[in-house]
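This report refers to the structure that appears directly beneath it.
Both ligands and their constituent atoms are indexed starting at 1 by order of listing. These values consider heavy atoms only, across backbone and side chains, with no hydrogens, waters or symmetry-generated copies.
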Amino acid sequence: MQPATAIAHPNLAFIKYWGNRDDTLRLPSNGSISMTLAGLETRTRVVFDPSLKSDELSINAEPASDPALERVRQVLGLVRGMAGLSSYAHVESENNFPTGTGIASSASAFAALALASTNAAGLDLTEADLSRLARHGSGSACRSVPGGFVEWEAGSGDQDSFAVSIAPPDHWDLVDCIAVVGTEPKSTGSSQGNMLAGTSPLQAARVEDAPRRLEICRNAILKRDFEALAEIVELDSNLLHAVMMTSRPALFYWKPATLAVMQAVRQARSAGMPICYTLDAGPNVHVITPLTEANQVTGLLHDLLGVQDVLKATVGGPARLA
Ligand code: DP6
């Protein structure tokens with residue numbers, strides 16, 4: 001069978017996914033909205049080979065850990081079922097961005113895997129079906145299949161829980177300036193954290209209010225209204241971390257420098273700069289600003305104590321075959 005290679009970008013959520021209605025199917029408790037990150041990418045090559053005794057996976061040229069291989073096997077199993085194949089696959093995946101910097105590599109990895117593996121199996125899936133398939137590997141991966149600004153509708157079940165593009169990459173020149181304050185591996189990964197969301201007494205309120213935040217965020221993107229975007233993005237990030245900090249066990253991802261960056265961003269916005277922050281399951285701070293301000297923002301972040309590096313990503317396109 002012919003090998004296939006696909007490339008996908010990670011994404012940054014403006015309205016976050018945290019907690020599932022169904023952990024096995026990765027059906028989220030609430031919808032989410034993200035921006036696809038250009039320049040950063042996972043490249044994945046898949047070949048189904050009848051001589052293999054089991055699925056094989058390498059990440060950045062190293063054999064993958066058992067949990068990573070298990071997640072990949074689940075997706076490959078779905079692809080085999082759809083294509084009527086019995087062969088195992090050899091998968092090679094490489095990221096061009098550093099791990100542990102607060103950029104979820106599972107999103108770009110499973111989006112690239114969905115596209116490469118279906119293609120290698122001789123299937124030609126719609127974008128919606130690829131997004132659904134990627135969701136089974138990692139929830140946020142469904143948002144790395146379409147490009148630009150993307151919304152994952154929670155849906156009512158497996159069939160209608162997938163992501164769509166709500167605006168193309170050139171709709172709005174936003175930049176994600178990532179202030180790196182720590183690169184050590186996180187103690188609790190997103191999958192485990194997602195399962196703890198329901199133990200926080202605040203999760204129900206966060207989920208109940210999500211449709212309102214999604215609407216404000218969607219409208220802010222469509223109207224390119226930075227002020228409205230900034231307010232809702234920071235509120236959503238604060239709600240996510242309030243849930244994390246009040247879960248059992250409690251999850252604290254911040255470092256002192258994380259809070260220092262958040263405070264500097266709030267201060268700069270009060271002084272009139274278009275800038276806002278958002279954080280995922282890690283200490284690094286994603287600082288959003290229009291392209292015109294990106295150099296000034298990068299300088300501001302570099303000058304803060306505890307900031308080791310600043311990475312920059314503009315708005316990226318959909319997953320594609322190489
Ligand atoms: C905080 O998609 O990484 O980044 O489905 O278990 O792989 P799994 O979780 P994952 O969770 C992402 C959580 C987040 C918010 C977001 O990206 O929406």
For ligand 1, which is the ligand I care about here, please tell me if [X] has any N or O atom under 3.5 Å from one of the ligand's N or O atoms.
X	answer
Gly139	yes
Arg26	yes
Asn194	yes

Using modelled atom types and a 3.5 Å cut-off, is there a donor and acceptor pairing between side-chain atoms of [X] and backbone atoms of [Y]?
X	Y	result
Thr42	Glu94	no
Lys16	Ala13	yes
Thr246	Val243	yes
Asn194	Ser190	yes
Ser144	Ala141	no

Ignoring hydrogens and geometry beyond distance, is a side-chain donor-acceptor pair present between Arg206 and Gln203 at under 3.5 Å?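 There is such a pair between these side chains.
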
Interfacing atoms of ligand 1 (cut-off 4.0 Å, heavy-atom, [X]):
X	result
Arg71	7 (O), 8 (P)
Ser140	2 (O), 3 (O), 10 (P), 17 (O)
Ser190	3 (O), 9 (O), 10 (P), 11 (O)
Ser138	2 (O), 3 (O), 5 (O), 7 (O), 8 (P), 10 (P)
Ser191	6 (O), 7 (O), 8 (P)

Checking salt bridge (charged side-chain N to carboxylate O under 4.0 Å, His left out) against Arg269, which of Glu231, Glu234, Glu293, Glu227 comes through?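 Of the listed residues Glu231, Glu234, Glu293, Glu227, the salt bridge (charged side-chain N to carboxylate O under 4.0 Å, His left out) partner of Arg269 is Glu234.
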
Please classify the [X] to ligand 1 contact at 4.0 Å (heavy-atom distances, strictly less than): side chain, backbone, both or neither.
X	answer
Ser106	side chain
His136	neither
Ala13	side chain

Quick one: salt bridge (charged side-chain N to carboxylate O under 4.0 Å, His left out) pairs with a partner in residues 78-89, sequence neighbours left out?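 Of all non-adjacent pairs touching residues 78-89, those that pass salt bridge (charged side-chain N to carboxylate O under 4.0 Å, His left out) are Asp55-Arg80.
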
With salt bridge (charged side-chain N to carboxylate O under 4.0 Å, His left out) as the rule and sequence neighbours excluded, what pairs involving residues 41-52 come up?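 Residue pairs passing salt bridge (charged side-chain N to carboxylate O under 4.0 Å, His left out), neighbours aside: none found.
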
Evaluating non-hydrogen atoms only, which member of Tyr17, Tyr253, Trp18, Phe14 is closest to atom 15 (C) of ligand 1?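 Going through Tyr17, Tyr253, Trp18, Phe14 one by one, Tyr17 has the nearest heavy atom to atom 15 (C) of ligand 1.
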
Please list the nearest protein heavy atom to atom 17 (O) of ligand 1 with its residue and the distance rounded to 0.1 Å.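 The protein heavy atom lying closest is Arg143 NH2, 2.8 Å.
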
I need the nearest protein heavy-atom contact for atom 4 (O) of ligand 1: residue, atom name and distance, please.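 For atom 4 (O) of ligand 1, the nearest protein heavy atom comes out as Asp280 CG, 3.5 Å.
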
